[in-house]
Q: 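Take a look at the following structure, please.
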Amino acid sequence: MDDDFCRERARTVRALAENADPLIKKRLLDLARHYERRLAIGRNTIGAGEENATGQDQLS
């Protein structure tokens, strides 16, 4: 999944949660947080250096 998909899906799920009953709202907000975590993880791995199969940093 790309960043645009995750960003748009989180936005859509949050919009649905606004009108949902409390139980469903909680689950929808959890789902939105899931998509936002995927975005954060993707940003944290970009530029962090590449690791080979043994886990060693290749930039050294």
Side-chain angles (χ1 to χ4, degrees):
M1 287 185 264
D2 66 346
D3 288 353
D4 292 333
F5 174 83
C6 288
R7 207 173 287 111
E8 186 59 34
R9 187 53 56 111
R11 196 174 304 137
T12 301
V13 170
R14 284 193 181 278
L16 288 170
E18 290 177 10
N19 299 319
D21 66 79
L23 177 64
I24 301 300
K25 182 175 184 172
K26 180 188 178 314
R27 296 188 70 191
L28 288 170
L29 292 175
D30 287 345
L31 181 59
R33 281 190 290 275
H34 167 78
Y35 284 113
E36 291 164 351
R37 276 193 307 270
R38 289 183 70 105
L39 285 168
I41 290 169
R43 278 187 234 126
N44 290 339
T45 59
I46 295 173
E50 299 293 326
E51 291 186 11
N52 62 20
T54 62
Q56 300 295 318
D57 191 5
Q58 293 178 349
L59 298 176
S60 322

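These numbers come from a predicted model, not from an experiment. Nothing fancy with the numbering, it's 1 onward along the sequence.
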Q: Atom CG of L16 and atom CG of L31: how far apart are they, to the nearest 0.5 Å?
A: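 Answer for the CG-CG pair, L16 versus L31, is 9.5 Å.
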Q: Please list all pairs meeting salt bridge (charged side-chain N to carboxylate O under 4.0 Å, His left out) that have one or both residues in residues 5-14, counting only residues at least two apart or in different chains.
A: D4-R7, E8-R11, R14-E36
Q: Can you name the nearest heavy-atom pair linking A20 to L28, along with the distance?
A: CB-CD1, 4.1 Å
Q: Which side chain to side chain donor-acceptor pair (under 3.5 Å) pairs, counting each pair once, include a residue from residues 20-33, with sequence neighbours left out?
A: K26-D30, D30-R33
Q: For the SG atom of C6 and the CZ atom of R37, what is their distance to the nearest 0.5 Å?
A: 11.5 Å
Q: Applying a strict under-4.5 Å side-chain criterion to I, L, V, M, F, W and Y, I'd like to know whether I24 and L29 cluster together.
A: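 Each belongs to a different hydrophobic cluster.
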Q: Got a second to check how far D3's CG is from Y35's OH, nearest 0.5 Å?
A: 13.5 Å
